[in-house]
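Structure first, then comments.
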Amino acid sequence: MSVMSFSIPRTIYYGEGSLDKLAQLQGKKAAIVTGGSSMKRFGFLDQAEDLLKKAGIDSILIDGVEPNPSVETVQRGAKAMLAFSPDWIVAIGGGSALDAAKVMWCFYEHPELVFEDIIQPGSMPSLRNKAKFIAIPSTSGTASEITAFSVITDTKNHIKYPIVAADMVPDIAILDPSLPMTMPKHITANTGMDVMCHAVEALASTASNAFTDPYAIQAIKMVLEYLPVAYHEPKNLPAREAMHEASALAGMAFTNASLGLVHSMAHKIGGEFGVTHGLANAILLPYVIAYNRKFTDKYSYAEKILGVADLCEAIKEMNKKMDIPSCFRDCSEVDFNEKKFKEVLQRMSQNAFLDPCTLTNPGTPSASDVQMLYEAAYYGTAVK
């Protein structure tokens with residue numbers, strides 16, 4: 001057996017009121033990175049700024065991070081940081097804001113770099129030369145608050161790039177359930193299924209091991225139990241706490257074991273069509289499980305531990321109850337025009353095949369296998 005490694009986040013504060021930990025920071029300046037208007041609308045930005053003031057820390061706001069953060073947005077944020085010289089970067093909001101802030105951090109610390117310099121996994125130089133990083137998620141899904149991953153979109157070439165660097169794991173993660181309680185139902189569903197996908201893919205990954213499996217299994221268990229409750233009862237605090245914790249647990253699993261074809265394919269179809277990442281994962285997951293069962297017994301392993309008859313069917317049923325379509329052709333979030341789908345299919349399949357997440361998928365999938373899975377997931381047909 002080759003030498004392997006397992007790393008866990010530095011510090012996690014969780015539970016109701018954990019946002020107050022911002023008032024105990026030591027520093028002088030903070031750059032707050034966020035997305036749209038929801039954090040402002042619900043008062044969390046003002047709360048964060050006030051707590052930082054209590055700590056004697058001045059702050060600037062870098063907002064407008066889009067749902068699929070672009071290279072241009074990352075460069076804009078890094079430029080603002082260079083002008084302000086923060087010693088803390090505080091990312092608050094959905095996974096997109098957290099992902100963008102991580103790469104802004106890199107370019108703030110290393111302004112001589114260009115985006116192409118960090119695409120290769122592990123190519124990012126060391127961080128924490130100028131600032132430390134705090135992640136405060138408002139959604140229970142991406143687990144960006146405790147992972148070494150970020151996903152950035154090259155809008156010119158319509159490609160999402162997973163950026164992987166151990167140094168991007170935040171110094172502090174704050175899991176306050178009051179933030180995700182503000183999520184609309186469809187975002188609760190999409191981000192919650194992102195958690196499920198992280199856990200299931202980490203479990204089936206060829207790099208999974210005795211350290212990562214318990215995190216993945218526990219996350220799957222919690223999603224099955226609590227996601228439907230959080231979806232139907234948005235103000236249910238125990239369900240929101242459980243989903244926030246499940247997201248972090250799944251993140252611990254996949255940041256060590258990596259992922260698989262679901263994420264490879266979601267990255268690329270998201271880049272081509274703009275579909276939300278969690279929704280793409282939710283639609284793709286049953287098809288990839290059906291394909292992967294030929295190469296791994298890890299799904300059966302999970303079913304035995306969890307007392308679930310068929311994990312794939314349980315996921316399909318959960319999707320149905322949350323109004324998630326069973327195939328891309330029936331998805332109304334974006335225009336999945338069939339003509340365009342056919343035009344980009346071969347290129348999209350090749351790009352997904354080359355995605356780093358494909359490396360740890362069970363079996364040895366080919367580009368033609370990926371194309372077959374895209375076609376099955378688009379039309380809602382059986383996996384060959």
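Within a 6.0 Å radius of CD in E112, more than 12 heavy atoms belonging to other residues, nucleotides or ligands are found. Within 6.0 Å of NZ in K185 there are more than 12 heavy atoms belonging to other residues, nucleotides or ligands. The environment of OH in Y379 is crowded: more than 12 heavy-atom neighbours from other residues, nucleotides or ligands sit within 6.0 Å. Taking a 6.0 Å sphere around NZ of K130, one finds it holds more than 12 heavy atoms contributed by other residues, nucleotides or ligands. Around the NZ atom of K298, the shell of radius 6.0 Å holds more than 12 heavy atoms that belong to other residues, nucleotides or ligands. For E16, the CD atom sits in a loose shell: 12 or fewer heavy atoms of surrounding residues, nucleotides or ligands are nearer than 6.0 Å.
Between H263 and H267, the ring-plane angle classifies as perpendicular under the 30° and 60° cut-offs.
Taking the centre and axis of the six-membered ring of Y108, the NZ or CZ atom of K102 falls outside the cone set by 45° and 6.0 Å. A cation-pi contact, defined as under 6.0 Å to the ring centre and within 45° of the axis, is absent between K321 and Y231.
Under the 4.0 Å criterion applied to side-chain N and carboxylate O atoms, K316 and E313 are assigned as salt-bridge partners. Contact check on R76 versus E72 returns no salt bridge, with no Lys/Arg side-chain nitrogen under 4.0 Å from an Asp/Glu carboxylate oxygen. For K40 and D46, the salt-bridge test passes: some basic side-chain N is under 4.0 Å from an acidic carboxylate O. The pair D171-R128 meets the salt-bridge criterion, with a side-chain N (NZ, NE, NH1 or NH2) lying under 4.0 Å from an Asp/Glu carboxylate O.
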Are E343 and K339 close enough, and set up right, to give a salt bridge (charged side-chain N to carboxylate O under 4.0 Å, His left out), and what steps lead you there? CA-CA 6 Å; E343 287 174 352; K339 183 174 181 290; 2.8 Å; yes
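Between the side chain of W105 and the backbone N or O of A131, at least one donor-acceptor pair lies under 3.5 Å. Side-chain N or O atoms of E303 include one that pairs as donor or acceptor with a backbone N or O of L311 at under 3.5 Å. Using a distance-only test at 3.5 Å, with no hydrogens or angles considered, a donor-acceptor pair links the side chain of D117 to the main chain of V114.
Between the side chains of S205 and S208, no donor-acceptor pair of N or O atoms lies under 3.5 Å.
Aromatic rings from F273 and F328 are positioned such that their centres are separated by 6.0 Å or more.
Using a 4.5 Å heavy-atom cutoff, the side chains of M196 and I315 are in contact.
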